[in-house]
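Any value given below was found using the heavy atoms of this structure, including those in side chains, with hydrogens, waters and symmetry copies removed. Please read these numbers as outputs of a predicted model, since none were measured by experiment.
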Amino acid sequence: MAVTTFASVYIGSYEVSMKIFELSAKKKLRVVDHVRARIELGQDAYQTGSIGYRLVEELCGTLEHFLKILQGYKIQEYRAFAGPVIGDAENMLFIIDQIKIRTGLDVGILSNSERRFLTYKCVAAQSGFDKMTKDSAAVIDVGGGSLQITLFIRGRVVTTQHLSIGTMRLIGILSGMEQNMARLEMQIKELVDKELSVFMAQYMQPDEKVKNVILIGDYITEIMQRIYKNRDEENIIEAKSFTGFLTQLGALGLERISEELNLSNDKAVLVLPSIILYDKLVETMKAEMLWLPGVDTGDGIAYDYAEANKIVRPAHDFNEDVLSAAKNMSKRYMSYSQHIDALTKMATLIFDAMKKVHGMGKRERLLLEVAAILHDCGKYVSMAESAACAYQIIRSTEIIGLTHLEREIVASVVLYHSTPLDSYEELADRMDSLSYMAVAKLAAILKVANAMDRSHKQKFKNVKAAIKNKELIITIETMDDITLEKGLLATKADMFEKIFGLKPVIREKRVYA
């Protein structure tokens, strides 16, 4: 059995960590070493918008130390990433440049959606995931700057929401206030209750509760080791037992908590708000059971590498998560209908018939499906400006499994399938040239598909599409008058012809009752 040694480096809000793994098909990820250094980058970033020179120097020194450890292990394969704490900083480019000059490391920037998805993939690959999400469940990923909740109902993704109540951000908000346990708990509870009450009201019925919570965050591993020293690897616990332990732990004071969890002083600063935050999250969700998988972004980076290099096989259908989230989003904005289903089938049928012409792959096909599902959601806000409203809704909504750029592509496809396509120069600050080409092609396909069911009456059946003699021939069977569809297709075909050099044509087979 082949074993690959791999290292992941992640720069977070208040910690820089490196994990060294042995990757194999049988054991998947086995942690060999874990090195952590506390650097409070978030303290500067969240308060001033940029990261100061002193912290950049400290960061580069830490990364140089990490590289020496890598050399000691003789590791050739590694990935280094930074989260939004650097990605959102005003001096991001200069920080990345300094790291490259000082250490030689090429550090990639992960957006919030990309970072969370890496961790989510690693969790979903574990055997207990499908069992925990088959009813109602919430995957809660708590970070320094924010937390993210992905809600499952009957095993399907309903929504993913990003809340700005991470541990480091809470410390920033509460800095200068009295920090005894009782007062701190009350202050954090007020902040958390405000955000979560809105979430629960919007996505859960009054009598509903989240049966299972999958909790990811700092100190989770230490807490579980303290609760069950000889526990099996599943790390599943009754919610009441978990919150009861947190209440007892929180009453001990910072020094005693550090001793109980075996934390060094420099790593214990955020443990108190973390404990209170976890307690309030589980309590508000009214959960019965809790699963603490004990993974972090470093594990996610390693799993993603192992999957991309076919060391492990995907254990979960993430595309289905994307489509489920899109359908629930469409229903939320009252746009899901038989027309949406018909349009999605028509759009993907055209896409599949044109594989040799458009040169796109499975990922773009998924983005086309999502765009078709969401193309009418803007009408909930404005009938007259539906495309512009849909654009803003889509790009502002987390969809687990799609990156920030992919959401921008989907939103742009929806916008430009009904409005003139802007030039690349006008959109260069939002996407690269390859993404722009994908937007243009997918928008053209969606425009043609939408024209085929403009009446929303699904007049066709047994639809087929094929390319012949510079024409995209769409053959349909119908009992209805399709004069409207033929006329609209003729007026909507310009963009399609300019991009693909093909003319879409309807060929009709009359069916009589």
Neighbour count >12 (heavy atoms, 6.0 Å) for atom [atom1], [X]:
X: E320; atom1: CD; answer: yes
X: H65; atom1: NE2; answer: no
X: Y73; atom1: OH; answer: yes
X: E259; atom1: CD; answer: yes
X: H162; atom1: NE2; answer: yes
X: Y380; atom1: OH; answer: no

Is the backbone N or O of [Y] less than 3.5 Å from a side-chain atom of [X], with the two atoms forming a donor-acceptor pair by type?
X: R430; Y: E408; result: no
X: S324; Y: R156; result: no
X: E114; Y: S111; result: yes
X: E307; Y: D304; result: no
X: D299; Y: D296; result: yes
X: R407; Y: R395; result: yes
X: N262; Y: E222; result: no
X: N91; Y: I51; result: yes
X: S330; Y: A326; result: no
X: T243; Y: K240; result: yes

Reported [atom1]-to-[atom2] distance for the pair [X] and [Y], which is rounded to 0.5 angstrom:
X: I275; Y: L249; atom1: CD1; atom2: CG; answer: 4.0 Å
X: I140; Y: L281; atom1: CD1; atom2: CG; answer: 5.0 Å
X: I11; Y: F81; atom1: CD1; atom2: CZ; answer: 11.0 Å
X: L446; Y: L367; atom1: CG; atom2: CG; answer: 12.0 Å
X: S136; Y: K286; atom1: OG; atom2: NZ; answer: 12.0 Å
X: I257; Y: R226; atom1: CD1; atom2: CZ; answer: 12.0 Å

List the atom of [X], the atom of [Y], and the distance in Å for their closest heavy-atom pair.
X: S382; Y: E385; result: OG-N, 3.0 Å
X: N112; Y: S146; result: OD1-OG, 4.1 Å
X: G298; Y: S8; result: O-OG, 3.0 Å
X: C377; Y: I393; result: O-CD1, 3.9 Å
X: Y10; Y: P84; result: OH-CD, 4.2 Å
X: K194; Y: V198; result: O-CG2, 3.4 Å

Report yes if the side chains of [X] and [Y] come closer than 4.5 Å at any heavy-atom pair, otherwise no.
X: H375; Y: H339; value: yes
X: I373; Y: K331; value: no
X: D141; Y: T150; value: no
X: I75; Y: V32; value: no
X: I400; Y: Q148; value: yes
X: F152; Y: V139; value: yes
X: V107; Y: I95; value: no
X: E40; Y: L55; value: no

Using the side-chain contact (heavy atoms from CB on, under 4.5 Å) rule, take V322 and I399 through it: C-alpha gap first, then chi angles, then the decisive distance, then the call.
CA-CA 6 Å; V322 171; I399 300 175; 4.2 Å; yes
Within the 3.5 Å criterion, strictly below it, is a donor on [X] or [Y] matched to an acceptor on the partner's side chain?
X: Y336; Y: N328; result: no
X: D432; Y: S435; result: yes
X: S113; Y: T403; result: no
X: T159; Y: Q161; result: yes
X: E77; Y: N309; result: no

Name of the residue among V192, L163, T167 meeting side chain to side chain contact (heavy atoms under 4.5 Å, CB included) with L147
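Of all the options given, the one that passes is L163.
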By side chain to side chain donor-acceptor pair (under 3.5 Å), which residues pair with K280, not counting sequence neighbours?
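Counting only residues at least two positions away or on another chain, K280 forms a side chain to side chain donor-acceptor pair (under 3.5 Å) with E185.
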Under the side chain to side chain donor-acceptor pair (under 3.5 Å) rule, collect the residues that match up with Q392, sequence neighbours excluded.
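None.
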Taking the six-membered ring of Y203 as reference, does the cationic atom of R332 (NZ for Lys, CZ for Arg) lie under 6.0 Å from its centre and within 45° of its axis?
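The answer is yes; both the distance and angle limits are met.
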May I ask you to check whether F318 and F117 place their ring centres under 6.0 Å from each other?
yes
Quick one: are the ring centres of Y120 and F129 less than 6.0 Å apart?
yes
Is there a salt bridge (Lys or Arg N to Asp or Glu O under 4.0 Å) between R54 and E58 once you walk through the steps?
CA-CA 6 Å; R54 180 186 61 81; E58 188 178 353; 3.8 Å; yes
Kindly determine whether K28 and Q126 satisfy side-chain contact (heavy atoms from CB on, under 4.5 Å), including the steps that lead there.
CA-CA 10 Å; K28 295 185 179 179; Q126 299 190 33; over 6 Å; no
Between L110 and H404, is the side-chain contact (heavy atoms from CB on, under 4.5 Å) condition met? List the steps.
CA-CA 10 Å; L110 294 175; H404 179 82; over 6 Å; no
side-chain contact (heavy atoms from CB on, under 4.5 Å) between M204 and I153: does it pass, once the steps are laid out?
CA-CA 10 Å; M204 302 289 290; I153 300 294; 4.1 Å; yes
